[in-house]
2 protein chains.
Amino acid sequence: MPEPSALDPAAQAGGPGIEHGAGRGRRGPYRKSAERRRRIVDAAVEVFSEQGYRGATIRTIAARAGISPSSLLHFYATKNELLWATMTHRDSVRFTGPEHSFPDRVVGQAIANEDVPHLVRLYGVLTAEAATQDHPARGYFAGRFAVLRGQYADEFEALADAGLLRPDVDPAVAAVTVVALWDGVQLQALYDPEVIRAADVLRDYFRLVLTDPGVLATPDQLGRWWQERRPSGADVIADGDTNETL
Amino acid sequence: MPEPSALDPAAQAGGPGIEHGAGRGRRGPYRKSAERRRRIVDAAVEVFSEQGYRGATIRTIAARAGISPSSLLHFYATKNELLWATMTHRDSVRFTGPEHSFPDRVVGQAIANEDVPHLVRLYGVLTAEAATQDHPARGYFAGRFAVLRGQYADEFEALADAGLLRPDVDPAVAAVTVVALWDGVQLQALYDPEVIRAADVLRDYFRLVLTDPGVLATPDQLGRWWQERRPSGADVIADGDTNETL
DNA sequence: GTCTATACGAGGATAGAC
DNA sequence: GTCTATCCTCGTATAGAC
């Protein structure tokens, strides 16, 4: 599950729904509502990440949020809508910066993701589950994979042009490999959380394909950089408006 | 989903159930029963691989097998038991031979798996879905991952001892990487069946970690070898006896 | 805005006729 | 051995009281 923060741009558009203004310090009638929404989405992240979409139930999520199922459905009219709100809910973290090379950004993102294990788990479980037919998030993840492969292929092309990539490595294959590696490691981590470190495995692959592995930052360096830059705990909840792609 | 044929040994023990003698040419009252079981399991492989365990229903599987749900439950008393029968149902194919090195066996198995896309899909979907809590196959896949990582680590150790592995490659990391790569590629293939070739991606990784990539067979060579050795269409259905691990 | 009560359907599993 | 009919549970969703 690479980069849980890299969501479909279409998802950010937001429908013509009501502005709920979460987190903006409003005092109006929406404040309490926003808090409720937040509690619900937090509970949904937990339950979806543990049970998957099909395994999760409105009852369980409502119970975890401390409200009745009916109240939950007052805010999110369908389970599908709640799923969408949960996936666009971005307290996710983005490791980014022009001062880092592509490989460092990938490994850095893996390190940053360690701050949000619940989101990593959510995306891992849903990526896998959504591969089945008729899953509401199938189209979303299919597009995500395609976009990701394309972006990574471009990045590897650029590395090749700069002479940093071993000449016998095909950028397209490398792109598929990095995405597969990331998802595969995180799948194993779902079964065996203690044994696996995504950042180490990814870095090891980059080490093999680069002409000069010395340009790679160490996980420790990236970790320290991240500790300083890490955003504060300002979480924002997106509206639960449904979207065609879901 | 590496090697769908490498099932938990415990699964092969078979409970103290009745010998149904499928595929042994019996004429007795069990012959028709064995055929029915076969039809049911074939249908179950299809439906489970498309919808996952939770998404699949007894009704759908029975309809696909051309019988009533009750008849299905006459042979497999619970959905769980049917899942177990489906997973131990081995028309899976095993690429093996002492004449091949470990890397060639892995790539060869990926090629052999192309003959049984329905099984690859089944294991891919279930591996992913079973990562959720309370899934009946969770323990099975957790053990499978652990065993696989251990086996591969041993193989990489042996390569290292023979001087065939690049000295800067950690066998344990390489083992995790191969398993992750295999599963990750097959996950992408579930979304994009046409774009991805597991054998090519795996071979490319081995190419990077071996001191002498020249020892690797080409996918074409392995494919031809497999075409000649491929077992005939003798499929055997295992009994649907449930097992503690399920 | 939040709750209780409930409708409605789907899915797993059982009973018993043929 | 196969079917029809049915039970029970659970999950989504709605109606309406407070």
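We name chains A, B, ... by the order of the sequence lines, and we start the count at 1 in each one.
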* **Distance in angstrom units between A:Ile40 CD1 and C:dC3 C1', rounded** => 14 Å
* From the list C:dA13, D:dA13, C:dT4, which nucleotide is the closest neighbour of the side chain of A:Thr78? -> D:dA13
* Working to the nearest 0.5 Å, report the span between CG of B:Leu148 and CG of B:Asp183. => 8.0 Å
* Taking atom P of C:dT2 as reference, at what distance in whole Å does atom OH of A:Tyr76 sit? -> 12 Å
* Asked: Within the structure shown, what part of the strands sits under 4.0 Å from A:Ile58 by heavy-atom distance: base, sugar-phosphate, or nothing?
  -> sugar-phosphate
* Would you call B:Tyr205 and B:Val178 a side-chain contact if the rule is heavy atoms closer than 4.5 Å? -> yes
* B:Arg59 CZ to D:dT6 C1', straight-line distance once rounded to whole Å -> 11 Å
* Structure fact -> From the candidates C:dC3, C:dA13, D:dT14, the one with an atom nearest any side-chain atom of A:Leu73 is D:dT14
* To do: To the nearest Å, give me how far apart OH (A:Tyr53) and P (D:dG11) are.
  => 13 Å
* To do: Measure the acute angle between the ring planes of A:Trp84 and A:Tyr140, then classify it against the limits of 30° and 60° as parallel, tilted or perpendicular.
  => perpendicular
* Asked: How would you label the contact of A:Ser70 with the nucleic acid (heavy atoms, under 4.0 Å): base, sugar-phosphate, or nothing?
  -> base
* Select base, sugar-phosphate, or nothing to describe what B:Ala56 touches, counting heavy atoms under 4.0 Å on all strands. => sugar-phosphate
* In whole Å, what is the span from the NE2 atom of B:His74 to the C1' atom of D:dG1? -> 5 Å
* Taking B:Tyr53 for its side chain and B:Ala130 for its backbone only, find out whether a donor-acceptor pair lies under 3.5 Å. => no
* To do: Check whether any side-chain N or O of B:Ser71 sits under 4.0 Å from OP1 or OP2 of D:dC3, and answer yes or no.
  => yes
* Asked: Which whole-number value in Å describes the distance from A:Phe75 CZ to C:dC3 C1'?
  -> 12 Å
* Structure fact -> dist B:Ile111:CD1 -> B:Arg197:CZ (nearest 0.5 Å) comes out at 11.0 Å
* Between C:dT2 and A:Arg36, is there an OP1 or OP2 to side-chain N/O distance shorter than 4.0 Å? -> yes
* To do: Find the distance A:Ile61:CD1 to D:dT12:P and express it as a whole number of Å.
  => 8 Å
* Asked: Which residue, B:Ile67 or A:Gly55, contacts DNA chain D at a nucleotide closer to its 5' end, judged by nearest heavy atom?
  -> B:Ile67
* To do: Nearest whole angstrom, please: distance from the P of C:dG11 to the CZ of A:Arg54.
  => 11 Å
